[in-house]
Amino acid sequence: MNYDSDQQQQQQQQQPLSLAPDGTGRWDRSMLKLGPFDPPHSPGGYGEQFGYSSPITPVTPNTPLVCYPMKNRVLRPGVNRKYRKRAILKNGDCNVVLSRPPRQHLRFLQDIFTTLVDAQWRWTLLVFAFSFVGSWLFFAVIWWLISYTHGDLEELHLPDNQSEIGWIPCVYNIYSFTSAFLFSIETQHTIGYGVRTTTEECPEAIFVMCFQSIYGLMIQAFMVGIVFAKMTRPKQRSQTLLFSKNAVVCQRDGELCLMFRVGDMRKSHIIGASVRAQLIRTKTTREGETMAQYQHELDVGSDGSSSELFFIWPQIVVHRIDKNSALYNMSASDMLRERFEVVVILEGTVESTGQSTQARSSYVNTEILWGHRFEPVVCYNREQQGYEINYSKFDSTLQVDTPLCSARELAEFYRAQDDYRPPTGKDSAITDCVSL
């Protein structure tokens, strides 16, 4: 049905609304598209300061303005399921693959602690288990060799015959390699069952016992530190920091704004939370160099403040698309055609642990809804006497009337409207005196 209505609307002849400088009527909200203009008023090239060409036609006070009434439509390109290139995945992981780094394995082994912390849990637990089992077996072989070279494993010198012949072994109650393995475990972990003990007969046995005790403490501290660091990584805390599924573009105080929402599901807040945003797109320099991953910094803030957030409830982060913004020349149709990615970063200190954490996400052009606004999620609950956050509406948006032109065209539209507005009141009297 929507397709039929669109076809009927296209078949109807559109009547342009000409605005004369002496007109008294206000411009309607439905006049959302500027142009077309005559060729003499099309110098173009305004967007070259950002490294890309811009077909946008500037508006001057002498330029005739023609506006076409357009139907408010939801520009939701999310129905396109085509894969898009992105540097940051929605879960915050970097979509970067290393290719042939020099001496990669050697460099990773030189920093074995960080390598095991960054490794997956199955590899960390595997190294954890093999480190203990391997050390038990290694020292078990040493204890067996000590007993074997001393003659403790001969049939006449076994523990059952030692009291009869008066034989003093290096380690009591060692029958075979199995007994040596059990004694290795008891020595390394200071279990001390009291059955197998060393004697003063063999100095090498005393030295090995001291060395294995020290080695056991070191390997325990090393592996416990790896497991603790892996469990308390800032990445785990970032799992409860939420970003809205889509970003939106709508007007705030007459300016087009790019907005997204951030939230925290835990009661322990993020101290000193700050948010950043960068636009990754292709840029061509004046010398002809093409930079495929050029990063434009976007000025963002919340509720009229800077990038520092008082993060006690979900916040809507706003980027005002002004003349200093890289999105200043981008209209709704341009956003559908161009390929870019908006990377958002939330940083702060975890209140409970004091560690720094960082959460990341990104929005490609198909994930930005033009003409939408986020629904409120915070309300006061009188029964609980506190503010209630409804996270079921965290990603919900509302459709609002929004100009489909770029922020630059909209600013020129408003500026031209102010130039053509007839004088009223005191200004009218002054005009009459000047004419007389």
So Val227 and Met223, side chain to side chain contact (heavy atoms under 4.5 Å, CB included) or not? Walk me through it.
CA-CA 6 Å; Val227 174; Met223 296 308 302; 5.6 Å; no
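- Separating the CG atom in Leu369 from the CE atom in Met259 is a distance of 11.0 Å, to the nearest 0.5 Å.
- With no hydrogens or angles considered, no side-chain donor-acceptor pair links Asn324 and Asp322 at under 3.5 Å.
- Heavy atoms only, all atoms of each residue included: Cys405 and Trp370 are closest at O-CZ2, 3.5 Å.
- If you take CH2 on Trp144 and OG1 on Thr178, they are separated by 12.0 Å, rounding to the nearest 0.5 Å.
- A heavy-atom distance below 4.5 Å is found between the side chains of Phe243 and Leu346.
- Asp111 and Thr114 get closest at one heavy-atom pair: OD2-OG1, 2.9 Å.
- Using a distance-only test at 3.5 Å, with no hydrogens or angles considered, no donor-acceptor pair links the side chain of Arg373 to the main chain of Cys250.
- Between the side chain of Gln358 and the backbone N or O of Ile345 there is no donor-acceptor pair closer than 3.5 Å.
- Without hydrogens or angle criteria, Asn246 side chain to Glu367 main chain gives a donor-acceptor distance under 3.5 Å.
- Side-chain N or O atoms of Arg276 include none that pairs as donor or acceptor with a backbone N or O of Glu347 at under 3.5 Å.
- Expressed to the nearest 0.5 Å, how far OH of Tyr294 lies from OG1 of Thr285 amounts to 10.0 Å.
- Between the side chains of Ser135 and Gln188, at least one donor N or O lies within less than 3.5 Å of an accepting N or O.
- Proximity of a side-chain donor or acceptor of Ser184 to a complementary backbone N or O of Ala180 within less than 3.5 Å is not detected.
- When atom types are taken as modelled, the side chain of Asn365 and the backbone of Met335 share a donor-acceptor pair closer than 3.5 angstrom.
- Atoms CD1 and SG, on Ile316 and Cys257 in that order, are 11.0 Å from each other to the nearest 0.5 Å.
- The number of heavy atoms from other shown groups lying within 6.0 Å of OH (Tyr380) is above 12.
- The backbone N or O of Pro102 lies less than 3.5 Å from a partner atom in the side chain of Arg107, making a donor-acceptor pair.
- Distance alone, capped at 3.5 Å, is enough to place a donor-acceptor pair between the Thr124 side chain and the Leu116 backbone.
- His269 places none of its side-chain heavy atoms less than 4.5 Å from the side chain of Phe310.
- How far NZ of Lys245 is from OG of Ser361: 12.0 Å, rounded to the nearest 0.5 Å.
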The test is side chain to side chain contact (heavy atoms under 4.5 Å, CB included); show your working for Val262 and Phe311 and say whether it passes.
CA-CA 9 Å; Val262 294; Phe311 206 22; 3.9 Å; yes
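- The main-chain N or O of Phe394 is found under 3.5 Å from a side-chain atom of Arg261 such that the two form a donor-acceptor pair.
- Relative orientation of the Phe139 and Phe211 rings is tilted, given thresholds of 30° and 60° on the angle between their planes.
- In this pair, His189 and Trp136 present their aromatic rings perpendicular. The plane angle is above 60°, beyond the 30 to 60° band.
- Under a 3.5 Å cut-off, the side chain of Glu341 and the backbone N or O of Ile88 do form a donor-acceptor pair.
- Using cut-offs of 30° and 60° on the angle between ring planes, the pair Phe260 and Tyr363 is tilted.
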Between Ile312 and Tyr387, is a side chain to side chain contact (heavy atoms under 4.5 Å, CB included) present by the stated rule, with each step listed?
CA-CA 10 Å; Ile312 60 175; Tyr387 286 94; over 6 Å; no
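- Side-chain contact between Met330 and Ile321 is absent, with no heavy atoms from C-beta onward closer than 4.5 Å.
- Atom CZ of Phe207 and atom CD of Gln212 lie 12.0 Å apart (nearest 0.5 Å).
- Side-chain N/O atoms of Ser302 and Gln315 include a donor and acceptor closer than 3.5 Å.
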For Thr240 and Asp264: C-alpha separation, side-chain torsions, deciding distance, then whether side chain to side chain contact (heavy atoms under 4.5 Å, CB included) applies.
CA-CA 6 Å; Thr240 54; Asp264 187 5; 4.1 Å; yes
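- Among all heavy-atom pairs drawn from Leu410 and Gly254, the shortest one is CD2-O, 4.0 Å.
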